[in-house]
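Step one of this worksheet: look at the structure below.
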Amino acid sequence: MSNLLNNLNPAQKEAVKTTEGPLLLLAGAGSGKTGVLTKRIAYLIENGVRPFNIMAITFTNKAAGEMKQRVAAATPYGNDVWISTFHSSCVRILRREINILGYETHFSIYDADDSQRLIKDILKKLNINEKNFSPKSIANEISSLKNNLISAASYKKTVENDYRMKTISNVYTKYQSYLKQNNALDFDDLIFKTVQIFMQYPDILEKYQERFKYILIDEYQDTNACQYSLIRLLSAKYKNICVVGDDDQSIYGFRGADIRNILNFEKDFTGAAIIKLEQNYRSTETILKAANNVIKNNIGRKSKTLWTDKGKGEKIKFYRANNDLDETLFIADEIKKAVENGGKYSDFAILYRNNSLSRTIEDRLVKNAIPYRLFGGVPFYSRKEIKDVLGYMKLLYNPYDNTNIQRIINVPKRGIGASTLDKLTAFADENNISLYESLFRIEEITELKTRTKKINEFINIIEELKEFSKTSSIYDLINEILSKTGYINELQAEGTEEANGRIENLNELLSKAIEFENISEEPSLSSFLEEVALVADIDNYSEDSDTVVLMTIHSSKGLEFPTVFLIGFEEGIFPSYRSTLDPSPSAVEEERRLCYVAITRAKEKLYITCAKSRLQNGQYNSNLPSRFFDELPMELLETYSLDTQTNKKHLSDFQEVKIISGAAKTSSFKHHAEYSTKGAENYNNTLAPKNVKIDFEIGDKIKQLKYGVGTVIDIMPAGADFEITVEFPSTGKKKFMAALSKLQKI
DNA sequence: GGATTTTAGGTTTTT
DNA sequence: CCTAAAATCC
């Protein structure tokens with residue numbers, strides 16, 4: 001027997017050794033979970049389980065990669081263990097089994113963007129007003145139905161006479177039939193279809209039950225009903241199912257994650273053992289205490305108390321800035337100071353509730369020459385130019401993919417515009433063929449005689465590329481697409497800054513292709529597209545480079561940093577505005593768990609910052625400190641604020657912040673008044689629109705291109721611009737932005 | 001059909 | 001504030 005169990009605490013040892021039957025491993029933040037999982041897999045193998053019979057599901061590709069490496073290092077044949085995310089696992093299963101549902105093996109994976117395009121088309125076809133049914137909201141509803149294992153057919157039975165539900169049901173049904181025609185699956189389908197196959201075909205299910213005799217699920221608190229079903233089906237025969245999670249870190253409710261999965265595990269899986277890992281090896285006592293004090297305000301938790309022997313450490317520094325710029329100044333200062341004293345940039349992470357908070361801080365870091373890496377935001381793979389190239393690749397792989405033909409048939413411009421496309425689509429629908437097939441029968445469409453040449457040119461490009469792709473590397477294929485379609489020429493000819501940025505992104509795609517071909521076991525077009533569809537930005541995070549890291553709290557789950565800045569700690573941001581509107585307390589509870597996750601990312605130092613005034617969506621808002629501030633024990637905090645007279649930071653009275661935040665809860669008006677007068681200089685400078693000079697006054701007569709002559713009835717500052725409300729005799733009130741619209745004074 | 005201008009709309013988190 | 005789509009012009 002090897003030394004696997006050395007250096008483990010008693011609970012960890014137990015977790016490694018309890019291999020048979022259902023096991024719930026409640027692993028608090030920083031409790032050495034990943035190490036335990038790796039050792040558990042190694043232990044299974046040492047005790048005669050074939051690596052081939054073990055399946056481990058992780059939340060991200062990054063976690064899967066890490067675990068693969070660690071397992072391979074810990075045990076021979078570790079490479080044969082199946083370790084991947086839910087989505088990747090299901091793709092692998094579906095590539096083998098999906099024929100039975102009438103799809104072809106070469107199905108495309110639609111990302112959120114593809115799905116929304118398709119839904120949009122459907123809304124148009126069904127004549128549904130997008131005002132009441134935005135493609136995004138419908139996509140969300142369909143997604144959540146799928147996550148709850150409700151098929152289009154079964155939903156239809158439940159809708160009765162509710163108009164909204166009926167509409168959604170119609171769209172859902174059509175959406176599924178179009179996906180099938182396109183031979184495509186969306187993210188949710190990957191799991192849902194797998195479950196459907198397992199439920200309908202017991203012999204197939206049994207094959208996989210035999211294969212996966214030992215199953216491990218990481219981040220169990222973030223599984224949804226569909227994933228739950230999958231696990232349940234797979235483990236039903238051998239019942240060796242080990243789930244690992246922390247109910248306090250369940251933060252993906254918006255994506256259908258159901259915290260009840262973890263709360264009810266013992267009920268659902270009879271005879272389950274429970275082991276708690278409560279010793280934290282990551283953070284100081286102060287940080288842990290803060291986290292515990294916040295999370296204890298949630299009800300209905302599994303009882304669990306994290307402890308550490310790391311010692312108290314430094315107090316948490318709380319800074320209430322006058323405005324968002326001041327907040328970034330504070331952060332940049334602290335980082336600069338620390339680096340001057342021998343610290344590294346990579347010691348720092350800046351975490352925020354939503355991506356829009358990254359912009360101001362980015363500006364500041366650039367100004368101060370502080371190197372940083374930003375995760376999230378507009379994901380690389382959803383940039384237009386990248387999606388265009390991928391659109392070509394998806395089409396080469398799966399010619400039934402109508403959504404992607406529509407995307408690229410006129411990109412770059414080749415004279416096949418909207419009206420041509422409409423006619424083609426109509427023809428394809430009539431004849432029940434795919435859009436691509438309809439191109440070959442262009443001569444049958446009399447109205448499109450004049451377009452025949454252009455269409456044929458397009459077909460030639462695609463067919464030649466298809467031929468080329470059969471033998472070429474991914475890298476060469478992308479290059480060929482870029483040159484053959486004229487895509488790169490067009491961008492080069494443009495020569496604008498924007499076009500150059502796009503070229504840069506395309507170069508990055510080429511590097512990614514090379515990297516992929518170096519790493520991948522099977523660097524095919526299919527696996528490249530799969531990787532691209534399922535990879536998250538955060539999967540590329542590595543600790544190697546010495547830069548500050550910027551990301552959302554969601555992305556930071558599972559990571560740790562010596563120093564963490566948690567910024568934008570304000571009501572309306574964190575907890576988010578929407579969660580505070582939700583009548584059910586569970587919405588704010590999820591935010592609180594998110595707060596818990598954020599705090600527990602920090603190993604040694606934690607900064608929490610908020611601003612009294614902040615530019616949000618083009619206007620300045622005065623926000624209160626977050627309600628979670630009141631849940632932090634004051635003896636753990638050091639509070640700072642900025643003296644507006646001297647522009648110096650000073651240690652300020654905790655009570656000041658506290659009282660303000662408490663008092664303001666009952667009267668937000670009072671709060672607002674207080675801050676718009678206090679520190680007036682700083683505040684007003686940023687408030688006043690700078691770039692726009694306007695000559696309008698209320699009562700002026702103006703002329704506008706479309707609506708004609710009207711009267712100005714209101715002028716409001718809006719960010720750097722002014723919003724002008726004009727009353728027109730014909731159409732009533734309209735609003736215009738002074739800088740953008742060409743209003744003429746008459 | 002395509003480019004440019006103007007307006008509307010969203011705004012939480014993401015596999 | 002941003003982006004995306006609609007409206008308008010060429």
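Heavy-atom basis, side chains included; hydrogens, waters and symmetry copies ignored. Throughout, a chain's letter reflects where its sequence line sits, starting with A, and its residues are numbered from 1. Please read all numbers here as calculations on a predicted model, not as lab measurements.
- Protein atom CG of Leu534(A) is 7 Å distant from nucleotide atom C1' of dT15(B), rounded to whole Å.
- Comparing atom distances between the Leu615(A) side chain and each of dC1(C), dT15(B), dG2(B) picks out dC1(C) as nearest.
- With no hydrogens or angles considered, no side-chain donor-acceptor pair links Tyr596(A) and Asn298(A) at under 3.5 Å.
- Taking the six-membered ring where the residue is Trp, the centroids of Phe629(A) and Phe569(A) are separated by 6.0 Å or more.
- Remark: P of dG1(B) and CZ of Arg451(A) are 6 Å apart, rounded to the nearest angstrom.
- Look at CZ on Phe254(A): it is 8 Å from P on dT13(B), rounded to the nearest Å.
- Among the heavy atoms of the strands, none lies under 4.0 Å from Phe86(A).
- Taken together, the paired segments of DNA chain B that extend over three or more consecutive Watson-Crick or G-U pairs, each closer than 3.5 Å at both contacts, are B:1-10 with C:1-10.
- For the pair Asp388(A) and Lys384(A), the salt-bridge criterion is met [side-chain N within less than 4.0 Å of a carboxylate O].
- Residue Arg359(A) has its side chain nearest to dC2(C) when only dA5(C), dC2(C), dT14(B) are considered.
- In this structure, Leu357(A) atom CG and dC1(C) atom P are separated by 16 Å, rounded to whole Å.
- Between Asn355(A) and dT14(B) there is a side-chain polar atom (N or O) within less than 4.0 angstrom of OP1 or OP2.
- In this structure, a donor-acceptor pair under 3.5 Å is present between the side chains of Asp188(A) and Ser143(A).
- Counting any heavy atom pair closer than 4.0 Å across all strands shown, Thr420(A) reaches sugar-phosphate atoms only and no base atom.
- Take the nearest nucleotide of DNA chain B for Ser576(A) and for Phe187(A): the residue whose nucleotide is more 5' is Ser576(A).
- Of the candidates dC1(C), dG2(B), dT14(B), the closest approach to any side-chain atom of Lys413(A) belongs to dG2(B).
- By the 5.5 angstrom centroid cut-off and the 30-degree plane limit, Phe59(A) is classified as not stacked against the base of dT15(B).
- Contact annotation: Thr552(A) reaches the phosphate of dT14(B) (side-chain N/O to OP1 or OP2, under 4.0 Å).
- Salt-bridge annotation for Arg414(A) and Glu457(A): absent, with no side-chain N of the basic residue lying under 4.0 Å from a carboxylate O of the acidic one.
- Using a 4.0 Å heavy-atom cutoff across all strands shown, Lys120(A) reaches sugar-phosphate atoms only and no base atom.
- Using a 4.0 Å heavy-atom criterion, one finds that Asp188(A) contacts no nucleic acid atom at all.
- For Gln492(A) and Glu490(A), the side-chain atoms include no donor-acceptor pair closer than 3.5 Å.
- The NZ atom of Lys193(A) sits 23 Å away from the P atom of dT15(B) (whole-angstrom rounding).
- Inspection of the Asn623(A) and Gln616(A) side chains reveals an N or O donor paired with an N or O acceptor under 3.5 Å.
- One atom, CD of Glu590(A), and another, C1' of dT14(B), lie 12 Å apart when rounded to the nearest Å.
- Side-chain N/O atoms of Asn261(A) and Thr223(A) include a donor and acceptor closer than 3.5 Å.
- Whole-Å rounding puts the Arg255(A) CZ to dT13(B) P distance at 13 Å.
- Note: CG (Leu594(A)) to C1' (dT14(B)) measures 13 Å, nearest angstrom.
- Side-chain atoms of Lys136(A) lie closest to dT11(B) of the nucleotides dT11(B), dA5(C), dC1(C).
- For Asn147(A), no side-chain nitrogen or oxygen approaches OP1 or OP2 of dT15(B) to under 4.0 Å.
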